[in-house]
K.L.:
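A single structure is presented below for examination.
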Amino acid sequence: MSVNEQENLPSQEIVQVDENHVIAERREKLKAIRSQGVAFPNDFKPDALAANIHAAHGGTENEAFEANAVNVKVAGRMMLKRVMGKASFATIQDKSGRIQLFIGSSNLEEATYEAFKHWDLGDIIGATGYLFKTKTGELSVKVTELRLLTKSLRPLPEKFHGLQDQEVKYRQRYVDLITSEEARATFVARSKVVSAIRNFMIQNEFLEVETPMLHPIPGGAAAKPFTTHHNALDMQMFMRIAPELYLKRLVVGGFERVFEMNRNFRNEGLSVRHNPEFTMMEFYAAYTDYRWLMDFTEQCIRAAAIAARGTAVLQYDGKEVDLSKPFERLTIVGAIQKYAPEYTLAQLHDAEFLRVELYKRGIKVFEHAGLGSLQLSLFEETAEAHLWQPTYIVDYPVEVSPLARASDKNPEITERFELFITGREMANGFSELNDAEDQAARFHAQMKAKEAGDQEAMFYDADFIRALEYGMPPAGGCGIGIDRLVMLITDSPSIRDVILFPHMRPEA
RNA sequence: GGGGUGUUAGCUCAGCUGGUAGAGCAGCGGACUUUUAAUCCGUUUGUCGUGGGUUCGAUCCCCGCACGCCCUACCA
């Protein structure tokens, strides 16, 4: 490794993290445990989960338990502890939920009971015993054998209020997950969304594929890429901003229906809607067009919501979002007319008028922007935020859609849509441009725009053109923003709430 | 990038237009054989984010910086 490469690596100096008297006390306890044998045993095998126990025996009464004892071995993190002389209670939490343990000195070795008194909240314990109901009717485990499986050295957040500090919730997601049922539910829902989408695609005869994340030429979207360097090849590479051009190469190859659900990377700002790496489900289907895509995308999103929530009628930020009905479809101009009726149709088709109007509203537009781009800017300004219920916007101008097929009736617009829900873009799809010569011309136009200062204009990808020259069947393709969809389905206000480890600045 | 706002004990939070910090939880010690955020008694813990400034004196007022959150911009 050269000196230069070493300089790029993070420093390996060990940072001494916060220590305090609570941790010091626990380290002393661990030291004592170590001196007595194996401190971190791995021979306790639970045979029951809290939720299953409640489901199976929630209705069982003590007479039945006395007639037929139900023995269980449970394990989990101790979340609550109530020590009272010779009989105590503890609540443990496993992946499924919580269950109460009754720990009485009469059922247990005296030494074990004494040791238990000094265990801490957050310790991971294993308990063997039989089920019964306390006199308040709570299903519990009467413990006959109790073991400390993992000593926790750090105190958990306050047991009632939980972790409140948003920064710590993001930086130390493990603590958030321990203490917040809501956070756990969000990520379980995310997993259900992802698998529902995958199942939906596979049921519809799509082939799941994995295309490169390291691209020699960034393409498939208008965005700033992350750059990196491959040492052995001594070449610059880019983290992909979209898989589009590779997926279309596969359509050329004869995989007529493909999808990929994975990460894209864009070197842009962070916000409640943007993380530098985000998950996109992108799919292509030969012999379909943008109208078919809209129907299909709608069904896919509906299936995901039902899988995660059991319904397609959701609540987001206190307001209803109805995914169960057919999604509305509006043209860009139609949407402006609906949400900003003060403009006449003639004005909306007058480039000079739009230019002045956008200037008045403080919107900057490129000097070479055509009518379509100007209409799009006014749409974004006046209509986009109002698209709370699912709405497809169609008729995107060709100049901002370099990979989309132009309309056969109007060469200025493309067969493209974007889907908006809660005022946010959720998906983007179009009939694909499969005319290699037209695509080459569009790439040339992008190169010109790049030279004119448009940093996000696309690069010319000669191999992609070569692929199209072999012939790509007519096709439709679409990308669905998974993080934003999960935000919607889990009623989360920030993208950081649906990404397990969102990007943060290094800790101060 | 611009604007707003926050940072006090391990955690959740108080803190009077300025006099060197408190509560609850957790911890430690004690009582208690059916608790539910157990209860009761006793008790430990702080570079008040950080660096300056004003002041006899700053957690508090002013300025810079770091980090977070919200809005905004680019974008999905």
Side-chain angles (χ1 to χ4, degrees), chain A residues 17-26 28-29 62 79-91 98-108 113 117-122 132-138 140 142 152-172 175 179 220-224 241-242 263-282 362-364 380 384 418-421 424-428 454-456 478-485 487 493-497 502 504-508:
Chain A
V17 286
D18 52 311
E19 288 278 344
N20 61 60
H21 68 282
V22 180
I23 295 173
E25 184 76 40
R26 291 188 180 204
E28 281 307 309
K29 290 179 184 177
N62 276 334
M79 302 304 290
L80 293 170
K81 185 188 173 201
R82 296 176 286 278
V83 175
M84 303 174 302
K86 292 187 169 113
S88 299
F89 291 90
T91 301
R98 292 182 173 197
I99 186 129
Q100 179 172 262
L101 307 181
F102 175 83
I103 301 160
S105 58
S106 51
N107 311 303
L108 208 59
Y113 189 72
K117 287 185 181 175
H118 297 281
W119 295 351
D120 294 296
L121 294 185
F132 79 110
K133 280 199 171 153
T134 65
K135 67 183 186 189
T136 56
E138 181 165 347
S140 306
K142 192 164 280 182
S152 168
L153 294 175
R154 288 182 173 268
L156 290 177
E158 210 262 349
K159 65 188 172 189
F160 185 63
H161 298 91
L163 184 56
Q164 295 298 315
D165 188 326
Q166 199 60 246
E167 181 177 357
V168 179
K169 285 167 85 77
Y170 294 149
R171 286 192 197 278
Q172 298 178 240
V175 180
T179 53
K224 295 186 200 87
I241 54 176
R263 230 62 68 79
N264 290 341
F265 306 85
R266 296 188 185 176
N267 205 341
E268 287 159 357
L270 288 77
S271 81
V272 289
R273 291 174 293 271
H274 300 89
N275 195 61
E277 54 180 300
F278 65 100
T279 301
M280 181 96 102
M281 199 284 283
E282 210 165 286
I363 314 293
K364 38 190 187 265
E380 288 169 354
E384 188 175 315
E418 290 196 355
L419 171 62
F420 293 88
I421 310 177
R424 288 174 186 159
E425 187 184 341
M426 291 281 166
N428 174 23
D454 183 352
Q455 284 193 331
E456 295 185 349
C478 178
I480 300 174
I482 299 300
D483 310 279
R484 289 184 180 178
L485 180 60
M487 285 171 68
S494 170
I495 199 168
R496 292 182 157 179
D497 297 321
M504 307 279 282
R505 283 195 173 81
E507 278 182 75

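Here is how names work: the chains are called A, B, and so on, in the same order as the sequence lines, proteins then strands, and each is numbered from 1.
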K.L.:
When you measure from the side chain of A:K86, which nucleotide among B:rC69, B:rU34, B:rU33 comes out closest?
P.N.:
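Closest nucleotide to the A:K86 side chain: B:rU33.
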K.L.:
A:R505 has a side chain; which of B:rG68, B:rU35, B:rC28 sits nearest to it?
P.N.:
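The closest nucleotide is B:rG68.
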K.L.:
Roughly how far apart, to the nearest Å, are B:rA9 and B:rU59 at atom C1'?
P.N.:
14 Å
K.L.:
P atom, B:rU43 versus B:rC25: distance in rounded Å?
P.N.:
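B:rU43 and B:rC25 have their P atoms separated by 14 Å.
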K.L.:
A:R98 near the nucleic acid: base, sugar-phosphate alone, or nothing, with a heavy-atom cut-off under 4.0 Å?
P.N.:
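It contacts nothing in the nucleic acid.
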K.L.:
Checking all strands, does A:G162 fall into the base, sugar-phosphate, or nothing category for heavy-atom contacts under 4.0 angstrom?
P.N.:
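Touches sugar-phosphate only.
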K.L.:
What integer number of Å spans the C1' atoms of B:rG52 and B:rC13?
P.N.:
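To the nearest whole Å, 29 Å.
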K.L.:
Closest approach to the side chain of A:E25, judged atom by atom: which nucleotide of B:rC11, B:rU12, B:rG27 is it?
P.N.:
B:rG27
K.L.:
When all nucleic acid strands are considered with a 4.0 Å heavy-atom cut-off, which category describes A:D165: base, sugar-phosphate, or nothing?
P.N.:
sugar-phosphate
K.L.:
Mind calculating the distance between NZ (A:K133) and P (B:rU35) to the nearest angstrom?
P.N.:
17 Å
K.L.:
Okay, side chain of A:Q172, backbone of A:V175: is any donor-acceptor separation there less than 3.5 Å?
P.N.:
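Checked: no pair found.
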K.L.:
I'd like the P distance from B:rG4 over to B:rC65, given in whole Å.
P.N.:
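Roughly 13 Å separates the two P atoms.
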K.L.:
Over all strands shown, is A:V83 touching base, sugar-phosphate only, or nothing at heavy-atom distances under 4.0 angstrom?
P.N.:
base
K.L.:
Counting heavy atoms from C-beta on, name the nucleotide in B:rU34, B:rC69, B:rC11 closest to the side chain of A:K135.
P.N.:
B:rU34
K.L.:
Below 4.5 Å, heavy atoms only, C-beta onward: do A:M487 and A:I495 meet side chain to side chain?
P.N.:
yes
K.L.:
How far, in whole Å, is B:rC60 from B:rG15 if one measures between their P atoms?
P.N.:
15 Å
K.L.:
Which residue is it: A:T134, A:L101, A:I103? I am looking for the one with a side chain to side chain contact (heavy atoms under 4.5 Å, CB included) to A:F89.
P.N.:
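So, applying the side chain to side chain contact (heavy atoms under 4.5 Å, CB included) to A:F89 and each of A:T134, A:L101, A:I103, only A:T134 qualifies.
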K.L.:
Give the rounded distance in Å between these two atoms: CD of A:Q172 and P of B:rC67.
P.N.:
17 Å
K.L.:
Answer with base, sugar-phosphate or nothing: what part of the nucleic acid does A:F132 contact at a heavy-atom distance below 4.0 Å?
P.N.:
base
K.L.:
Would you classify A:L108 as touching base, sugar-phosphate or nothing, given that sugar-phosphate means primed atoms plus P, OP1 and OP2, and contacts are heavy atoms under 4.0 Å?
P.N.:
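Here A:L108 touches no strand at all.
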K.L.:
Within the sub-3.5 Å range, which N or O atoms of nucleotides 22-26 of chain B have a protein N or O partner, and how far apart are they?
P.N.:
from	atom 1	to	atom 2	distance (Å)
B:rC25	O3'	A:K159	NZ	3.4
B:rA26	OP1	A:K159	NZ	2.6

K.L.:
Can you check whether A:R154 reaches A:I23 side chain to side chain, under 4.5 Å on heavy atoms?
P.N.:
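Counting from C-beta outward, A:R154 and A:I23 do come under 4.5 Å.
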K.L.:
Less than 4.0 angstrom between a side-chain N/O of A:K142 and OP1 or OP2 of B:rU34, yes or no?
P.N.:
no
K.L.:
Find the distance A:M84:CE to B:rU34:C1' and express it as a whole number of Å.
P.N.:
6 Å
K.L.:
With RNA chain B as reference, determine whether A:A221 or A:S271 sits nearer its 5' end, using the nearest nucleotide of each.
P.N.:
A:S271
K.L.:
What nucleic acid atoms does A:G481 come within less than 4.0 Å of, heavy atoms only: base, sugar-phosphate, or nothing?
P.N.:
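Nothing, no nucleic acid heavy atom in range.
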K.L.:
Name the nucleic acid region contacted by A:M504, choosing base, sugar-phosphate or nothing; use a 4.0 angstrom heavy-atom cut-off, strictly under.
P.N.:
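Touches sugar-phosphate only.
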K.L.:
Just to be sure I understand the rule, does A:N107 reach a base, reach only the sugar-phosphate, or reach nothing, if contact means heavy atoms closer than 4.0 Å?
P.N.:
nothing
K.L.:
When rounded to the nearest Å, what value does the distance between C1' atoms of B:rG27 and B:rU44 take?
P.N.:
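Pairwise C1' distance, B:rG27 against B:rU44, rounds to 8 Å.
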K.L.:
Assess whether one donor atom and one acceptor atom, taken from the side chain of A:Q100 and the base of B:rU35, lie less than 3.5 Å apart.
P.N.:
yes
K.L.:
Suppose you measure atom P in B:rA14 against the same atom in B:rG57; what distance do you get, rounded to whole Å?
P.N.:
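Rounded to whole Å, the distance is 30 Å.
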K.L.:
Rounded to the Å, how far apart are A:E28 CD and B:rG27 C1'?
P.N.:
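So the CD-C1' distance, A:E28 to B:rG27, works out to 14 Å.
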K.L.:
Nearest whole angstrom, please: distance from the P of B:rC70 to the CG of A:L270.
P.N.:
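Checked: the CG to P distance equals 11 Å.
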K.L.:
Name the stems with RNA chain B in them: runs of three or more consecutive Watson-Crick or G-U pairs, distances under 3.5 Å?
P.N.:
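Listed by first number, the stems are B:1-7 with B:66-72, B:10-13 with B:22-25, B:27-31 with B:39-43, B:49-53 with B:61-65.
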K.L.:
Mind checking side-chain hydrogen bond (donor to acceptor under 3.5 Å, both in side chains) for A:S152 and listing every partner two or more places apart, or none if nothing turns up?
P.N.:
A:R26
K.L.:
Using atom C1' in both nucleotides, what's the gap between B:rG46 and B:rA23 to the nearest angstrom?
P.N.:
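So the two C1' atoms sit 15 Å from each other.
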K.L.:
Kindly indicate whether the side chain of A:P276, heavy atoms from C-beta on, has any atom under 4.5 Å from the side chain of A:F265.
P.N.:
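Not in contact.
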K.L.:
Rounded off to whole Å, could you give me the CG-to-C1' distance for the A:D497 and B:rC69 pair?
P.N.:
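Spelled out: CG on A:D497 to C1' on B:rC69 is 11 Å.
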K.L.:
State which of B:rC69, B:rG68, B:rU35 makes the closest approach to the side chain of A:E167.
P.N.:
B:rG68
K.L.:
Under 3.5 Å, is there a donor-acceptor pair between the side chain of A:K142 and the main chain of A:N107?
P.N.:
no
K.L.:
Below 4.5 Å, heavy atoms only, C-beta onward: do A:D120 and A:K81 meet side chain to side chain?
P.N.:
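SC-SC contact between A:D120 and A:K81 ruled out.
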K.L.:
From A:R266 CZ over to A:K224 NZ, what is the distance, rounded to the nearest 0.5 angstrom?
P.N.:
11.5 Å
K.L.:
Check this one for me: any side-chain N or O of A:R171 less than 4.0 Å away from OP1 or OP2 of B:rG68?
P.N.:
yes
K.L.:
Output the rounded distance in Å from CG (A:L153) to C1' (B:rG27).
P.N.:
14 Å
K.L.:
Counting only N and O atoms by type, is there a donor-acceptor contact under 3.5 Å from the side chain of A:K29 to the main-chain atoms of A:L153?
P.N.:
no
K.L.:
Between A:R82 and B:rU35, is there a contact of a side-chain N or O with OP1 or OP2 at under 4.0 Å?
P.N.:
no
K.L.:
For the pair made of CD1 in A:I23 and C1' in B:rG10, what is the distance, rounded to whole Å?
P.N.:
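Between C1' of B:rG10 and CD1 of A:I23: 7 Å.
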K.L.:
Kindly compute the distance separating CD (A:E282) from CG (A:N428), expressed to the nearest 0.5 Å.
P.N.:
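With rounding to 0.5 Å, CD (A:E282) is 8.5 Å from CG (A:N428).
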K.L.:
Side chains of A:L485 and A:M281, heavy atoms from C-beta outward: is any pair under 4.5 Å?
P.N.:
no
K.L.:
Once you round to the nearest 0.5 Å, how far does OG1 of A:T179 lie from NZ of A:K169?
P.N.:
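A:T179 atom OG1 to A:K169 atom NZ measures 6.0 Å (nearest 0.5 Å).
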